[in-house]
Amino acid sequence: MNGLMLFLCIIWGFNFVIMKLGNGVFPPVLFAAFRFMIGTIVLFGIVYFKKLPMPNKRELKWYVLCGILQTTYFNIAIQISLNYISTGLTSVLTYSMPLFLSLMAHYFIPGEKLNARKTVGILIGIIGLFLAMDIRFGENIWAPIFALSSAIVWALSNLIFKIKLRGCDPVQFNTWQMGAGAIGLFLYSISFENGQSHWSLMAVVYLLYSGILASALAFVIWTYILSKVEASKASISLLTVPVVGTLSGFLFLKESLHVITLVGIILVLSGVWLVNSKGSSRISLQNRSLKDMQ
């Protein structure tokens with residue numbers, strides 16, 4: 001499961017580079033709409049070959065709601081925020097989602113209570129993210145708040161999946177939520193966006209990477225992980241995504257990489273390890289109890 005999580009973080013982390021390049025040739029929300037349309041088409045093909053049944057009415061309403069939250073609103077909030085604040089700050093605020101999901105899970109999901117180790121790990125990871133991105137708030141205070149709302153909405157969607165859709169097929173869920181979300185993105189782009197699309201071979205490559213890998217494949221992987229692992233453990237591992245994005249920007253876009261960024265990366269990885277570790281004291285206590293029983 002850890003290897004699958006790392007693979008997911010690499011896909012989503014490098015997608016920051018792809019999104020930045022893609023926004024240079026498409027209106028931002030339209031790029032997101034094309035991305036999720038491609039992802040939906042790929043997933044519908046998988047649904048057809050797997051002969052998955054149509055979702056029932058009870059599930060379908062939650063699929064659509066999650067699509068509006070985690071695909072439509074989430075991406076609109078990110079794209080608009082990127083016009084006013086830096087990519088680094090936007091990604092930090094977006095990937096503060098684990099904090100909100102862990103808090104929601106603590107109150108609404110039985111058996112997923114926060115303990116001291118998880119809480120410390122989450123806080124270390126969040127602090128590390130802020131250091132890694134070397135962020136500074138500008139004059140547009142509403143833009144960071146808007147970006148932060150994307151994290152809250154994403155966390156809420158994940159909570160709905162954990163509570164209302166436990167046991168559903170990850171491919172079926174993402175097919176319908178992504179399709180509903182893509183329709184919302186197209187409607188927003190048609191209503192509010194201006195600008196032209198500049199089609200080229202590289203523009204198609206950007207769309208295929210974002211649509212097939214970073215949308216269809218990545219969201220199926222994430223949903224599968226979320227269905228198998230505690231919400232706090234799964235979500236805190238996503239803090240690695242903007243770390244990968246920062247390193248990818250340094251390697252492929254020649255963005256600067258400072259010492260404070262490296263310190264932040266170390267803290268993020270430490271936080272991820274702390275949340276996912278079992279706790280040596282707990283293991284020792286269990287082993288000692290077993291010996292006493294023998």
Side-chain angles (χ1 to χ4, degrees), residues 1-12 14-15 18-19 22 30-75 97 101 105 109 111-112 153-189 204-231 233-235 237-238 241:
M1 195 66 71
N2 289 337
L4 197 60
M5 192 72 214
L6 178 61
F7 179 62
L8 174 64
C9 290
I10 291 173
I11 291 176
W12 270 343
F14 185 70
N15 195 48
I18 300 298
M19 285 191 295
L30 182 60
F31 176 75
F34 280 136
R35 164 190 173 183
F36 287 105
M37 180 190 71
I38 292 172
T40 301
I41 292 172
V42 171
L43 289 177
F44 264 118
I46 296 174
V47 166
Y48 176 78
F49 283 108
K50 290 184 68 175
K51 293 180 169 47
L52 294 177
M54 286 282 293
N56 58 52
K57 291 182 179 179
R58 186 195 70 83
E59 291 179 335
L60 186 59
K61 66 181 180 182
W62 294 115
Y63 291 173
V64 172
L65 177 59
C66 288
I68 293 171
L69 293 174
Q70 79 173 43
T71 299
T72 302
Y73 182 90
F74 177 79
N75 284 278
M97 183 277 288
L101 179 56
I109 302 179
E112 295 203 17
V153 166
W154 188 15
L156 179 60
S157 177
N158 288 328
L159 183 71
I160 291 172
F161 175 82
K162 291 285 286 185
I163 295 176
K164 298 294 185 179
L165 298 170
R166 187 181 297 273
C168 76
D169 188 282
V171 174
Q172 185 187 66
F173 167 74
N174 280 288
T175 300
W176 290 95
Q177 75 82 10
M178 200 173 290
I183 292 172
L185 289 169
F186 274 117
L187 290 175
Y188 178 92
S189 180
V204 174
V205 171
Y206 302 152
L207 286 174
L208 290 178
Y209 180 94
S210 289
I212 297 176
L213 292 180
S215 297
L217 177 62
F219 276 99
V220 169
I221 292 174
W222 166 243
T223 305
Y224 172 77
I225 292 173
L226 193 62
S227 68
K228 300 295 183 181
V229 181
E230 287 183 22
K233 288 187 176 182
S235 60
S237 298
L238 290 180
V241 172

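Reckoned from all heavy atoms, side chains included, excluding hydrogens, waters and symmetry mates.
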Would you name the heavy atoms of [X] and [Y] that are closest together and state the gap between them?
X	Y	result
Leu101	Ser235	CD2-CB, 3.7 Å
Glu112	Ala231	OE1-N, 2.7 Å
Gly39	Ala216	O-CB, 3.7 Å

What is the distance from atom [atom1] of [X] to atom [atom2] of [Y], rounded to the nearest 0.5 Å?
X	Y	atom1	atom2	answer
Trp62	Leu69	CH2	CG	10.0 Å
Leu43	Phe219	CG	CZ	10.5 Å
Gln70	Leu65	CD	CG	10.0 Å
Leu185	Phe34	CG	CZ	11.5 Å
Thr72	Phe36	OG1	CZ	9.0 Å
Met54	Gln172	CE	CD	8.5 Å

- Trp176 and Phe44: aromatic ring centres closer than 6.0 Å?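 They qualify: ring centres under 6.0 Å apart.
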### Query
Using the ring of each side chain (for Trp, its six-membered ring), is Phe161 parallel, tilted or perpendicular to Phe173, with breaks at 30° and 60°?
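Taking Phe173 first and then Phe161, their aromatic rings sit tilted (interplane angle of 30° to 60°).
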[X]: side-chain contact (heavy atoms from CB on, under 4.5 Å) partners, not counting sequence neighbours:
X	answer
Lys50	Ile46, Leu52, Asp169, Val171
Ile163	Phe108, Ile109, Leu159
Tyr209	Ile11, Phe14, Asn15, Ile18, Leu213, Ala214

Requested in this report: Verify side-chain hydrogen bond (donor to acceptor under 3.5 Å, both in side chains) between Trp222 and Asn158, making sure each step is shown before the conclusion.
Outcome: CA-CA 10 Å; Trp222 166 243; Asn158 288 328; 3.3 Å; yes
